[in-house]
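A short write-up of the structure that comes next.
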Amino acid sequence: MFEKRLLAATDNAISKLYGPGFDLSLLTIERTKKEIEGDYTLVVFPLLKLSRKSPEQTASELGGMLLKELSEISSYKVIKGFLNLIMSDEFWISFLSENYNRDEFGVCPVLSEEKVVFEYSSPNTNKPLHLGHIRNNLLGHSLSQILTASGFPVIKVNLVNDRGIHICKSMLAYMKWGEGETPASSGMKGDKLIGKYYVLFDKKYKEEIKDLIEKGITEDEAGQLSHLMIEAREILRKWEDGDRETVNLWKLMNGWAYEGFEVTYNRLGVEFDHIYYESDTYLSGKELVVEGLAKGVLRKHEDQSIWIDLTSEGLDEKLLLRSDGTSVYMTQDLGTAQIRYDDYHPSRMIYVVGNEQNYHFDVLKRILLKLNKPYAPSIYHLSYGMVELPEGRMKSREGTVVDADDLMEEMYTTAADMTIKLGKAGGFPGKEAEKLFEAIGLGALKYYILKVDPRKNMLFDPKESIDFNGNTGPFIQYTYARINSLISKASVMSQLPGKDTILTGFSLMPSEKETIKSLMIYPQVVSQAADELNPAIVANYVYELAKKYNQFYQEIPVLKEENPGLRQLRLMLSVFTASVIRKSLNLLGIESPERM
RNA sequence: GGUCCCGUAGCUCAGUUGGAUAGAGCAACAGCCUUCUAAGCUGUGGGUCGCGCGUUCGAGUCGCGCCGGGAUCACCA
């Protein structure tokens, strides 16, 4: 890589000019800003103490030395303390011809010791997936792709919250008012059907509470006295006791939920290597709690409930086991962590979970540290921001939840309408057109969500449908399709450059050079995205690349270029760009249609 | 109230880890299809980077203090 050589040469030059002992890490090599002439920029201010000369003079001396040392540099310009290096066209062209056809460009060799387990999705079986889950799934899937490309063996796991009071609520409502309804009999998707009963429980429960309050009971007491809630708790207790009838209904209803989730996952394009069920892991959590009790890390209260006291660390006391012996969310997450470690011995366990659970994961990690678990330090909570609506958070009670299936369907329809309106739907036989609309619609959705820094909250306005122009997924897909069309034509005319074509003696137009510069940094973009666990870096990069290429495409002929060498060069540039766009989109889980 | 996160153009978001005159898209306006796909390209307008102090050659970026918004602090998950 050139930047390393540049850095080494700079180090060398500094020693020769000003003597040894300079801390090279103070110097940064940057891409030159676009309004300014140059390709790489060295900021020389940190050097001034050593050189004891003006910024301009220091930069000039260094520039002169580098020009002599590195043949790739054709000239340099100094502005204040900035040394702007200008590379020869030969440098860019040789990079292009050496890499345009390399499949492994931007893909790291596998680091087999650095196994990473990614947990994402983690649905509750009592309601269907919504927009928040979409962000979660897309992040998890994309990050798995990015880390894989960076050489980390990735294991994708899902943890289904299939037990707990929430599912008991749906079960109770179903037993009371379900009348044997099934997905088949109702024509509803399984997860939607479960959700219907969860909502029904909530409605009936609210009515009951309201009645109780009207009788003069306080809200807190009403929560305790509610018959529905008492019955739901009873179901949970029976479930943990293994009561056959309860377990059977639970299996039946969860099965419906899984069938529904499967459909949603398939359409979204996410998958898992292993699915954990809370119902399988919570017992291991209970064991850890017993262990903690024995080690004196945990305390049992008089009512038999078990707690951890984190007040000395600035947190609160946290419940780990209820007084009736049933487990809570934290209990099962402890057990899951243990099982996951036993299964894979990963060097990192990354949890893609919303930032509303920051406290939970802080506590989880502290408990495992207190238990001296070797894997405790490797736990990392990738805390992503909420997806908000213009009126604030999504509230299932207020019916503002954006359903995942509905949203995907809407994206499909919009993509279809748009394509037809543009008169581009012709030439695709039935099934192909559907595939295309799906690719574009989901491409728009995925890009829209992934281009935002995962840690930040983001806004989604259902009234303003997701754009297909400008900084969007379809824009990038379109760029790809257009290049593909060029390449096909070139291929038909047998004009594609051969494997080892060497081009020399050409000069580059600005937009050609800009595109090559973007292509060159792709490997760094991938590794940065992996370091920061941030797909937005890839998204913003591929947008920039597409934009630069479009500029080139608009103003410079490729197939119509008469000089065969130049034509080859521009075809190489096009092939390379298409390949990097496809790789980038793949890292984001977005399809690259060959035609659109 | 404690803890944590966020505040950049009318709106949605970037900002290469402290560098030059803070950038894109949308929306608005003006141009570009007899030439490789116009879901494209070019141009114009739009900013007290929430406010203040500090650190230094240099701060949207780091520190402190305010202001505003959000999350969380359940025998919910």
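Every heavy atom of this structure was used, including side-chain atoms; hydrogens, water molecules and symmetry mates were not. In this text, all values refer to a predicted model and were calculated from it rather than measured experimentally.
At least one side-chain nitrogen or oxygen of A/Tyr478 sits closer than 4.0 Å to the OP1 or OP2 atom of B/A39. Side-chain N/O atoms of A/Asn469 include one lying less than 4.0 angstrom from OP1 or OP2 on B/G40. Phosphate proximity of B/C41 to A/Lys548: absent, as no side-chain N or O sits under 4.0 Å from OP1 or OP2. Contact between the side-chain N/O atoms of A/Lys547 and the OP1/OP2 oxygens of B/C41 is not found at any separation under 4.0 Å. Contact annotation: A/Asn550 side-chain N/O to B/C41 OP1/OP2 distance is under 4.0 Å. Regarding contacts with the backbone of B/A38, a side-chain N or O of A/Arg482 is found under 4.0 angstrom from either OP1 or OP2. The shortest distance between the side-chain N/O atoms of A/Ser485 and the OP1/OP2 oxygens of B/C36 is not below 4.0 Å. The phosphate of B/G58 has neither OP1 nor OP2 within less than 4.0 Å of any side-chain N or O from A/Lys80. Neither OP1 nor OP2 of B/A71 sits under 4.0 Å from any side-chain N or O of A/Gln357. Phosphate contact (OP1/OP2 of B/G25, side-chain N/O of A/Lys451, threshold under 4.0 Å): absent. Distances shown here put a side-chain N or O of A/Arg322 below 4.0 Å from the OP1 or OP2 atom of B/C76. Residue A/Arg393 places at least one side-chain N or O closer than 4.0 Å to OP1 or OP2 of B/U72.
Within 4.0 Å of A/Val43, counting heavy atoms only, lies at least one base atom of the nucleic acid. Counting non-hydrogen atoms under 4.0 angstrom, A/Leu321 reaches nothing in the nucleic acid. The residue A/Lys456 sits close only to the backbone: its heavy atoms come under 4.0 Å of sugar-phosphate atoms, none of a base. Residue A/Pro46 is in base contact, counting any heavy-atom pair closer than 4.0 Å across all strands shown. A/Asp531 comes within 4.0 angstrom of nothing in the nucleic acid, heavy atoms only. Nucleic acid contact for A/Ile165: sugar-phosphate only, since backbone atoms but no base atoms lie under 4.0 Å from a heavy atom of the residue. At the heavy-atom level, A/Tyr359 lies under 4.0 Å from the strands shown only through sugar-phosphate atoms. Nucleic acid contact for A/Asp461: none, since no nucleic acid atom lies under 4.0 Å from a heavy atom of the residue. Contacts of A/Tyr329 with the nucleic acid, taken as non-hydrogen atoms under 4.0 Å apart, include base atoms. At the heavy-atom level, A/Ile556 lies under 4.0 Å from base atoms of the strands shown. At the heavy-atom level, A/Ile36 lies under 4.0 Å from base atoms of the strands shown. Residue A/Val452 is classed as a sugar-phosphate contact, given heavy-atom separations below 4.0 Å to backbone atoms only.
The A/Lys33 side chain lies nearest to B/G23 when the options are B/A39, B/G23, B/U72. Nearest nucleotide to the A/His166 side chain, out of B/U35, B/A77, B/C36: B/A77. Each of B/G19, B/G23, B/A38 was ranked by its minimum atom distance to the side chain of A/Lys34; first place goes to B/G23. With B/G19, B/U42, B/U12 as the choices, the nucleotide that has an atom nearest any side-chain atom of A/Leu459 turns out to be B/U12. Looking at the side chain of A/Tyr543, the nearest of the listed nucleotides B/A24, B/G40, B/A38 is B/A24. Across B/G40, B/U37, B/A77, the shortest atom-to-atom separation from the side chain of A/Ala481 is found for B/U37. When distances run from any side-chain atom of A/Asn358 to the nucleotides B/A20, B/C4, B/A39, the shortest one goes to B/C4.
Side chains of A/Asp467 and A/Tyr448: no donor on one and acceptor on the other come within 3.5 Å. Under the 3.5 Å distance criterion, with hydrogens and angles disregarded, a donor-acceptor pair is assigned to the side chains of A/Glu555 and A/Ser511.
A straight line from CD of A/Glu388 to C1' of B/U12 spans 13 Å, rounded to a whole angstrom. Taking atom CZ on A/Arg163 and atom P on B/C76, their separation rounds to 11 Å, with Å as the unit.
A/Thr41 contributes a side-chain N or O that forms a donor-acceptor pair with the base of B/A20 under 3.5 Å. In this model, no side-chain donor or acceptor of A/Asp467 finds a partner on the base of B/A27 within 3.5 Å. Applying the 3.5 Å distance criterion, the base of B/A39 shares a donor-acceptor pair with the side chain of A/Thr419. Evaluation of atom-type donor-acceptor distances gives a pair under 3.5 Å for the side chain of A/Lys424 against the base of B/U37.
Each of A/Met458 and A/Arg595 was assigned the nucleotide of RNA chain B with the nearest heavy atom; the assignment lying further toward the 5' end belongs to A/Met458. Toward the 5' end of RNA chain B, the nearer of the two residues A/Pro557 and A/Leu319, judged by each one's closest nucleotide, is A/Pro557.
The six-membered or imidazole ring of A/Tyr447 lies away from that of A/Phe475, with a centre-to-centre distance of 6.0 Å or more. Taking the six-membered ring for Trp and the full ring otherwise, the centers of A/Trp239 and A/Tyr282 sit less than 6.0 Å from each other. A/Tyr198 and A/Phe201 have their aromatic ring centers separated by at least 6.0 angstrom.
Aromatic ring orientation, A/Phe437 versus A/Tyr412: perpendicular (interplanar angle above 60°, classes split at 30° and 60°). Using cut-offs of 30° and 60° for the angle between ring planes, the A/Trp307 and A/His301 rings count as parallel.
Interatomic distance, CE of A/Met458 versus CG of A/Asp453, reported as 11.0 Å (0.5 Å rounding). Atoms CE and OG, on A/Met596 and A/Ser485 in that order, are 12.5 Å from each other to the nearest 0.5 Å. Rounding to the nearest 0.5 Å gives a distance of 5.0 Å between OH of A/Tyr40 and CD of A/Glu3.
B/C26 and B/U44 are spaced 16 Å apart, taking the P atom of each and rounding to whole Å. Using C1' as the reference atom, B/A9 and B/C49 are 10 Å apart when rounded to the nearest Å. Comparing B/U56 with B/C62, their C1' atoms sit 11 Å apart, to the nearest whole Å. Distance check on atom C1': B/G1 versus B/C57 gives 44 Å, rounded to whole Å. Distance check on atom P: B/U72 versus B/G50 gives 25 Å, rounded to whole Å. When the C1' atom is used for both B/G60 and B/U8, the distance is 7 Å, rounded to whole Å.
If you check B/G63 for Watson-Crick or wobble pairing at under 3.5 angstrom, you find it paired to B/C53. Look at B/U35: it lacks any Watson-Crick or wobble partner with both distances under 3.5 angstrom. With a 3.5 Å ceiling on both atom-pair distances, the Watson-Crick or G-U wobble partner of B/A28 is B/U44.
Glycosidic conformation of B/C33 is syn; the angle stays within 90° of 0.
Both geometric conditions, a ring-centre gap below 5.5 Å and a plane tilt below 30°, are not fulfilled together for A/Phe82 over the base of B/G19.
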